[in-house]
Amino acid sequence: MTVLKTSFRNFLAHKGRMALSAIAVLLSVAFVCGTLVFTDTMNATFDKLFASTASDVAVAPKKNDDAQETGKPQTLPASLQGRLAKVPGVAGVEPHATSQQITAATAKNKSISPTSGAPTVGTNWDESQKKSVEITSGHEPHGATEAVLDADTADKHGLTTGDKLRVIAAPGDFSVTIVGIATYKTTNPGAAVLYFDTPTAQTKLLGSAGEFSSYGLTAASGVSDEQLKKDVTAAVGTDYTVRTAAETKAENKKDVGSFLDVMKYALLGFAGIAVLVGIFLIVNTFSMLVAQRTREIGLMRAIGSSRKQVNRSVLVEALLLGVVGSVLGIGGGIALAVGLMELMGSMGMKLDTSELTVKTTTPVVGLAIGVVVTVLAAYLPARRAGKISPMAALRDAGNPADGKAGTVRAVIGLVLSAAGGAALVAAAQSDDASAGSGMLGLGVLLTLVGFVVVGPLLAGFVVRVISTVVLRAFGPVGRLAERNALRNPRRTGATASALMIGLALVAALSVVGSSMVASATEQLDKSVGADFIIQSENGPLSPAAVKAVKSARDVAHFSEYTIVNARITTPDGRTATQRLSAVSPTYADDVRAETVKGKLADAYAADAMSVPEGFAEDHGVKVGDRLTVAMVDGRTAKLKVTAITSDDTSIDKGAMYTDIATAQRYLPADKMPLDMMVLAKAADGRAKEAAASLKAAVEDYPQVKVRDQADYKQLIKDQVGQLLNMIYGLLALAIIVAVLGVVNTLALSVVERTREIGLLRAIGLSRRQMRRMIRLESVVIALFGALLGLGLGMAWGVTSQQLLALQGLGVLDIPWPTITAVFAGSAVVGLLAALVPAFRAGRMNVLNAIATD
């Protein structure tokens with residue numbers, strides 16, 4: 001009980017010094033709890049949506065992952081409806097005609113498709129739709145020119161009843177008038193949804209009045225879903241997918257859950273980094289508090305406290321810190337989850353805060369993480385406190401460093417760093433990507449731990465170098481700042497290590513991202529001869545859009561590109577499903593692929609093809625061999641191998657080429673996949689005119705983008721940049737915690753040096769000089785962490801790029817402007833971190849400071 005009272009009294013006495021550590025715990029726990037609450041809410045929301053839309057039993061086509069991309073969904077015959085209606089236990093059959101491969105545009109040719117990646121869905125209006133939505137304005141659709149639009153999409157684009165829309169689908173384009181607005185009863189998952197009457201949905205979306213995409217069955221009273229599924233399967237056979245409502249919900253949840261799991265574990269990964277950085281802050285805090293209370297602890301030992309009691313006293317303080325920080329973090333996590341829901345709402349996915357889901361396990365997990373991490377981080381300082389002898393009560397203050405422990409630490413750190421460096425070198429020299437990735441992971445782990453352990457040893461050398469460049473210009477104040485930073489290398493190393501972790505990841509990702517962009521740019525310059533690349537933003541190009549593209553003037557030629565799924569049997573007797581790139585013969589001029597044998601132009605002759613180098617080696621394929629190529633949904637061809645292409649590329653790496661006319665010869669017209677893109681070569685000297693003509697030709701198709709090579713390079717750069725910016729934003733939490741560590745170290749250091757500061761002021765150091773000394777010390781620590789982090793991160797990034805080179809991304813590009821900006825920014829961060837501690841040091845009363853014991 002005495003230990004508990006003492007711990008509680010000490011905790012309250014040093015609550016100001018504990019505050020920043022509590023914030024670190026708060027932020028880490030908030031990130032974890034916020035992620036859990038957000039993903040649990042998303043799961044619960046989708047569960048309600050799926051429950052409201054699932055039929056008792058659903059009948060759909062057998063899933064075929066190898067089906068050709070025709071722009072039309074797989075369908076069932078309309079005649080099946082009558083057979084299903086006669087199955088015992090079926091009370092009703094609702095036919096569905098649905099497609100997720102459409103685009104809708106306003107009268108001004110502005111696409112209303114979501115920008116979040118969610119689809120634009122077209123479906124027929126029937127009684128089953130009333131489970132999930134209700135028409136809140138207008139009426140149901142009737143006839144080929146009417147449609148109902150979901151309320152969220154209508155609000156986003158300012159649409160209402162009476163407005164016109166043009167729908168672009170694979171069977172053809174058609175225009176409709178909005179006659180109703182449908183509001184979701186649960187949550188709109190982010191899709192734009194258009195409802196048509198059933199005949200319109202069949203003919204305009206599926207391309208045939210005799211087909212449906214699925215059927216929803218209602219079970220008669222007293223008939224279970226499982227029994228109805230058995231009866232339906234017995235009646236129609238096993239050629240269809242038959243699922244109960246529970247199975248449909250599970251399947252839908254599986255598709256969404258995979259995305260949510262990726263998001264969840266990615267966010268938790270960044271939370272883990274923040275927790276790791278927070279550990280350094282907590283260790284530093286308790287180490288300094290123990291050092292400052294050496295005489296106090298020695299006195300406690302002198303009057304009878306045992307080592308265990310002292311140890312326990314420090315751990316109880318850590319427990320209190322963990323509990324306070326965790327409780328606040330749980331509340332912060334719920335607020336963070338609400339913020340993420342609002343962010344998703346701005347992207348088109350409306351999540352109602354009334355559906356906020358906080359499971360019992362979430363606060364338990366948050367509390368456990370905060371408390372366990374804090375207590376574990378305080379364990380070593382607590383052990384150090386327990387070793388303080390009663391004689392320490394007679395000394396001034398401070399606990400002498402253990403020189404032997406420092407030597408052992410330095411040796412271990414150097415060994416780990418050397419082993420990590422060797423693993424990175426092995427990864428960079430690896431010829432196998434999977435083996436190299438394993439060595440890279442090992443190298444990253446060992447070098448990170450090694451640098452953390454060897455940090456105090458590095459501080460003695462690196463801080464002196466930085467000080468020579470940065471601090472010597474500030475004269476005696478700069479030298480004082482340098483000595484303060486070197487006074488306790490272990491503390492300086494731990495503080496810098498926290499910042500090092502975040503910046504190492506930033507540097508590594510910057511190198512990888514920049515190298516990816518540079519490699520793709522080089523490959524474009526090297527391989528792509530076309531002037532323009534025409535693609536759709538939401539899937540393949542519709543036939544109408546391709547026709548519009550080909551109507552453009554001032555173009556020398558067009559090259560169509562599509563993917564055909566086929567089962568290829570090789571000379572070694574093995575059969576596997578492969579993707580054939582079916583292209584126009586001019587594609588050989590538009591995309592220059594190197595060959596190791598044969599001529600690529602010959603692959604575009606009738607009944608000819610090329611194979612990639614790796615495939616040829618694995619299957620013993622030679623130029624002149626004939627492969628059995630069974631087109632999925634089509635006929636079987638015997639195609640002659642006329643070229644073997646090099647794998648040393650990132651564009652079309654591993655592609656098998658054939659003439660698009662060959663594919664058309666072996667596939668029915670309705671099974672021929674849509675063009676994935678069209679390349680265009682401008683007529684000589686007519687590039688500007690061709691660009692204007694192409695853009696004018698696709699003006700009615702807002703989903704189609706015409707890009708020249710410069711535009712395409714910028715697109716790649718923007719895509720990589722968006723991904724990196726998102727990751728940097730998540731890493732910012734770890735960097736914020738690291739900055740708090742710098743602030744805390746300086747604040748406690750100022751308290752520790754109160755008497756020293758008073759003496760310096762007494763012998764003539766001005767307040768301004770005192771504040772400058774604290775700020776310069778902070779800048780040096782921050783630059784030390786940045787130098788270690790950036791150096792380590794660049795090593796990780798260079799190694800990662802060497803592995804990417806095995807995939808054709810062979811250009812190493814170190815983004816020196818970014819690296820320099822981060823290094824300079826670290827100095828600014830150090831400066832800002834010192835503002836409050838420097839202000840407090842400057843305001844100290846000289847006499848009171850000197851009198852401090």
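These numbers come from a predicted model, not from an experiment.
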- Message: Salt bridge or not between Glu560 and Lys550? Use side-chain N to carboxylate O under 4.0 Å.
- Response: yes
- Message: Is it the case that over 12 heavy atoms from other parts of the model lie below 6.0 angstrom from the CZ atom of Arg579?
- Response: no
- Message: Between the side chains of Asp56 and Lys229, is the shortest nitrogen-to-carboxylate-oxygen separation below 4.0 Å, so that they form an ion pair?
- Response: no
- Do side-chain atoms of Ser693 reach the backbone of Glu689 as a donor and acceptor pair under 3.5 angstrom? no
- Task: Mark yes or no for whether Thr123, through its side chain, and Thr98, through its backbone, hold a donor-acceptor pair below 3.5 Å.
- Result: no
- Message: Restricting to ring pair (Phe, Tyr, Trp, His ring centres under 6.0 Å), what partner residues turn up for Tyr604, sequence neighbours left out?
- Response: none
- Dump the intermediate steps for side-chain contact (heavy atoms from CB on, under 4.5 Å) on Tyr587 and Leu600, then the final yes or no. CA-CA 10 Å; Tyr587 189 80; Leu600 188 58; over 6 Å; no
- Specify the closest pair of heavy atoms between Ala697 and Ser551, including all atoms of both residues, with the distance to one decimal. CB-OG, 3.9 Å
- Message: Tell me if the centroids of the rings in Phe174 and Phe196 come within less than 6.0 Å of each other.
- Response: yes
- Tyr701 versus Asn109, side-chain donor and acceptor atoms under 3.5 Å: no
- Any ion pair linking Lys688 and Asp554 (charged N to carboxylate O, less than 4.0 Å)? no
- Query: Could Glu211 and Lys72 be called an ion pair, given the rule that one side-chain N must be under 4.0 Å from one carboxylate O?
  - Reply: no
- Assess whether atom NZ of Lys713 is packed by more than 12 heavy atoms of other residues, nucleotides or ligands within 6.0 Å. yes
- Message: Keeping Asn565 on the side-chain end and Asp66 on the backbone end, is there a donor-acceptor pair under 3.5 Å?
- Response: yes
- Message: Test your reading of the model: is there a side-chain donor-acceptor pair from Gln709 to the backbone of Ala530, 3.5 Å cut-off?
- Response: yes
- Taking Thr106 for its side chain and Lys110 for its backbone only, find out whether a donor-acceptor pair lies under 3.5 Å. yes
- Mind checking ring pair (Phe, Tyr, Trp, His ring centres under 6.0 Å) for Tyr712 and listing every partner two or more places apart, or none if nothing turns up? none
- Message: Classify the ring geometry of Trp125 against Tyr195: parallel below 30°, tilted from 30° to 60°, perpendicular beyond 60°.
- Response: perpendicular
- Query: Taking Asp675 for the side chain and Pro540 for the main chain, is one N or O donor matched with an acceptor at less than 3.5 Å?
  - Reply: no
- Query: Just checking, is any N or O donor in the side chain of Lys638 or Thr628 under 3.5 Å from an acceptor N or O on the other one?
  - Reply: yes
- Message: Do Asn538 and Thr103 pair up side chain to side chain, a donor and an acceptor below 3.5 Å, judged on atom types alone?
- Response: yes
- Any side-chain donor-acceptor pair under 3.5 Å between Ser584 and Ser559? no
- Item | With Gln714 via side-chain hydrogen bond (donor to acceptor under 3.5 Å, both in side chains) - residues at least two apart | Asp718
- Task: Examine the side chains of Thr642 and Asp602 and answer whether a donor and an acceptor come within less than 3.5 Å of each other.
- Result: no
- Are side-chain N/O atoms of Thr586 and Asp589 paired as donor and acceptor at under 3.5 Å? no
- Item | Asp150 side chain to Thr153 side chain, donor-acceptor N/O pair below 3.5 angstrom | yes
- Taken to the nearest 0.5 Å, the spacing of Leu76 CG from Phe212 CZ works out to 10.0 Å
- Query: Between Gln719 and Ile716, is there a donor-acceptor pair closer than 3.5 Å when you use the side chain of the first and the backbone of the second?
  - Reply: no
